[in-house]
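Proteins come first, then strands; the chains are lettered A, B, ... in the order of their sequence lines, and each starts at number 1. As the structure is a prediction and not an experimental result, all values here were calculated from the model.
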Amino acid sequence: MDPAGLATAEASPRPAVVLPAFEGPLDLLLHLVRSKAMSIWDIPIAEICDQYHAALAAMDEPDLEVAGEYLVYAAWLTAIKSRSLLPRHEGERDPRSELVERLLEYHKVKAAATELASIEEVRRGMTAVRIDPALTPLAESGEELGDIDVARLAAALVDVLQRFRRDHPPHLDLPPLRFSVRAKILELYELIERQRSFPLLSHLLTRPDRLESVTLFVAGLELVRLQVSRVHQRLPFAEIYLTPTGVPLREEALGDV
Amino acid sequence: MSDVTHLEALCEAVLAVAGEPVAVEALVAVAGEGVTPALVAEALDRLAERCRAPGRGLVLERVAGGWRLATRPELEGAIRAFAGERARSRLSQAALETLAIVAYRQPVTLPEINFLRGVSSAAVVRTLLERRLVRVAGRKPVVGTPLLYRTTRAFLVHFGLDDLAGLPAPSEVGMEDAEEGVVGP
Amino acid sequence: MSDVTHLEALCEAVLAVAGEPVAVEALVAVAGEGVTPALVAEALDRLAERCRAPGRGLVLERVAGGWRLATRPELEGAIRAFAGERARSRLSQAALETLAIVAYRQPVTLPEINFLRGVSSAAVVRTLLERRLVRVAGRKPVVGTPLLYRTTRAFLVHFGLDDLAGLPAPSEVGMEDAEEGVVGP
C-alpha cells in the first residue's frame with residue numbers, strides 16, 4: 001500500500017496507532033534518553049534492549065529487516081558498554097563518544113524535519129496559478145532539461161520497453177489438437193447408454209490430460225445440444241450427471257464437429 | 001474583511017486554478033454557508049472591474065458554462081514568445097524516450113529507435129543532435145548503412161556521470177527492470 | 001500606459017500561464033527590446049504589492065530562483081472543495097527526515113542516509129524520487145559507487161525556498177537545545 005510510509009494517517013483508513021511510532025532503533029534510543037532523562041554517557045543497556053524487544057513485539061507483522069536493524073543497534077550498544085568498562089590507553093577516544101555524536105546528529109535531522117513539516121503545513125494550502133492564454137492554448141512542452149536526472153531517463157526507457165512489449169505480444173503457440181470432439185462424443189454416448197446416469201464431472205477430473213477433459217466437456221455440451229442427453233446438477237459445483245433422453249445419436253447429425 | 005471582499009478573493013483563486021470555465025453555482029457551492037448566487041455575482045462584478053484597471057494582465061470573461069480568467073488578448077505576443085522560449089529549453093516526452101534509448105542502447109540507429117518506440121523519431125533525433133545530447137558515431141554496416149548515434153560528453157556532464165557505466169539499471173532507481181524479453185529488430 | 005504599467009500586466013499574464021516559477025531573465029527576454037532587468041524587478045514589485053490588496057486571491061512569491069503566482073494559503077478549503085480533493089497528504093516523518101538529510105548534506109548517498117537515520121531508507125528515497133523532491137546527481141567515487149542524491153527545483157517550490165541558502169540554519173532548528181537537553185554530564 002505505502003511501503004515508504006510517505007502518506008500520513010490522514011490518507012490511510014487505519015486507526016491511529018496508540019504507541020508512539022518510532023522510525024527505528026536510533027529514534028527509540030533518542031526518545032528514551034530524552035523522556036527518561038537518562039545520561040547519554042551512561043545508557044542502561046539492559047533496559048534499552050528490553051525496550052527494543054517491546055518495540056518489535058508491538059509490530060503488527062514481524063519484519064526481518066526491521067528486527068535486524070534493532071539487533072544491530074543492540075549489539076553495537078553492548079559492544080560500547082563492554083569497551084567502556086575496559087581501561088583505556090592514553091589518547092584513546094571514549095567508546096561512548098560515537099554514540100553521543102550519532103544521537104546528536106539524528107537529533108538535528110529530526111529538528112530539521114520538524115522545521116520542514118511546519119513550512120509544509122502552510123504551503124500545502126497553496127496551488128500554482130495556471131490559467132489559459134486568451135487565444136492560443138499553451139502546448140504541453142515537456143520538462144526543463146535541468147529537472148531531468150538519470151532516474152527519469154531510466155524510467156523513460158522502462159516506459160518504452162513496456163509499451164514495446166504490449167504492442168508486440170509473444171506469438172501464441174497453438175499445438176495440434178490431440179483429441180477430437182467427434183471421437184469424444186461417440187465415447188461419451190456409449191458411456192451414457194451403458195450407465196444411464198453418467199457422472200461427467202468425476203470423469204473429467206480423473207482425466208490425466210487437461211486438453212482431454214476440455215474436449216470431453218465440449219462433447220457433453222454437444223450431446224445436450226443434439227437432445228441425445230439431459231444434464232442435471234443439484235447444486236453449484238456438485239456432480240454433473242448426463243442421462244440419455246432416448247433420442248439415438250445419428251452420426252450424420254455430428255456434421256463438422 | 002467584508003463578505004464580498006472575501007468572496008472576491010475566493011472567486012479569483014478558484015478561477016485561477018480551475019483550468020475551465022466555472023459556473024456561478026459551483027462558486028456558490030464552495031463558498032460555504034449563507035452565500036447566495038447574488039453575492040457571488042457581486043463578487044464577480046468586482047473582480048471583473050478590478051481586472052480592467054491599468055497594469056492588470058488578466059481579464060474575467062463570461063463564456064459558455066460560466067466565468068473564466070484569461071490573459072489579456074493584447075498580451076498574446078508576449079505569451080507566445082514565452083511559450084516558444086520555454087519549448088526550446090525543454091525536453092518533450094518523445095525526446096526523453098529517445099534519449100533514454102540512445103543512452104542505454106548505444107550505438108543505435110534511427111530504424112532501431114523507430115522500431116522500439118513504434119513511431120518515427122527522426123525529428124526528435126534531430127532535436128537531440130541540436131541540443132548536443134547525442135552525436136553521430138559512424139554507420140552501421142547493414143543494408144542502407146544507417147547512421148549510428150551515441151550520447152555526447154555534454155550528456156555525461158549534464159547527468160553528472162563520469163562514464164556510461166555510471167548509468168543506473170532501472171532497478172537501482174526503483175523501476176522494475178523491463179529488459180528481459182525485449183529483442184532488437 | 002507607462003512602460004512599467006504595461007510590464008506589470010505582461011508579468012502577471014506570463015506568470016499566470018506558466019504554472020511554475022519564472023526567472024527574471026525569462027521575463028526580460030519576452031518583454032521585448034529596451035526592457036532591463038531593473039524595470040522588470042520594479043514591475044514585479046508593483047505586482048506583488050497589488051496582490052496584497054484586500055480582495056485578492058493570489059500571492060506573488062519568490063521561489064526556486066524565480067517568481068510564481070499561487071493561491072493564498074487561507075483559501076485552501078475552497079480550492080480543495082472545488083477540485084473535489086480531500087486534504088493533501090503531508091509528507092511522513094520518514095520522508096521529512098530523509099528529505100532533511102538530503103537537503104542539508106547534499107550530495108548524499110543512500111548508505112549515508114541509512115547510517116544517519118539508523119534504518120534502511122531505500123523505499124523512502126524511491127518515493128521521494130517519484131515525487132520529484134530529490135534527484136540523482138551522479139555517483140560517489142567510493143567502493144560500490146553509490147548514487148548521489150540532491151534536492152530538486154520542485155523541493156524548493158514545495159518548501160517556498162528561493163535557493164538552498166534559504167534553508168533554516170541548523171542553529172535555528174535547535175542544535176543548542178540538543179546539546180543541552182540530550183547530552184548528560
Would you mind checking which part of C:Arg50 comes under 4.5 Å of any heavy atom in chain B, side chain (CB onward), backbone (N, CA, C, O), both or neither?
side chain

Which heavy atom in B:Leu58 sits nearest to a heavy atom in C:Ala16, and how many Å separate them?
CD2-CB, 3.7 Å

Is the closest side-chain heavy-atom distance between C:His6 and B:Leu75 below 4.5 Å?
yes

Is the shortest distance from a Lys or Arg side-chain nitrogen in B:Glu172 or C:Arg139 to a carboxylate oxygen in the other one below 4.0 Å?
yes

Heavy-atom closest pair, residues C:Ala78 and B:Val30:
O-CB, 3.9 Å

Start with the C-alpha distance between C:Glu8 and B:Arg72, add both sets of side-chain angles, then the distance that settles salt bridge (charged side-chain N to carboxylate O under 4.0 Å, His left out), and finish with yes or no.
CA-CA 12 Å; C:Glu8 188 187 341; B:Arg72 208 164 263 296; over 6 Å; no

Working to the nearest 0.5 angstrom, can you tell me the gap between C:Leu10 CG and B:Thr71 OG1?
10.5 Å

Residue part contacting chain C, namely of B:Val14, when any heavy atom lies under 4.5 Å:
both

With a 4.5 angstrom heavy-atom cut-off, which part of B:Ala70 approaches chain C: side chain, backbone, both or neither?
neither

Please determine, among C:Leu148, C:Leu147, C:Val136, the option with the most heavy-atom pairs under 4.5 Å with chain B.
C:Leu147

For B:Leu15, is it the side chain, the backbone, both or neither that has a heavy atom under 4.5 Å from a heavy atom of chain C?
neither

Considering all heavy atoms of both residues, which atom of B:Ala13 and which atom of C:Gly57 are nearest to each other, and what is their separation?
CB-O, 3.8 Å

Does B:Asp162 have more than 12 heavy atoms from other residues, nucleotides or ligands lying within 6.0 Å of its CG?
no

Would you say C:Glu20 and B:Arg86 make side-chain contact, with heavy atoms under 4.5 Å?
yes

Among B:Pro168, B:Ala53, B:Ala26, single out the residue with the greatest number of heavy-atom pairs under 4.5 Å to chain C.
B:Pro168

Does any part of the side chain of B:Phe82, heavy atoms only, come nearer than 4.5 Å to the side chain of C:Val22, both counted from C-beta?
yes

Please report the shortest heavy-atom distance between C:Arg56 and B:Ala9, naming the atom on each side.
O-CB, 3.3 Å

With chain B, which of C:Glu74, C:Glu12, C:Arg126 has the greatest number of heavy-atom pairs at distances under 4.5 Å?
C:Glu12

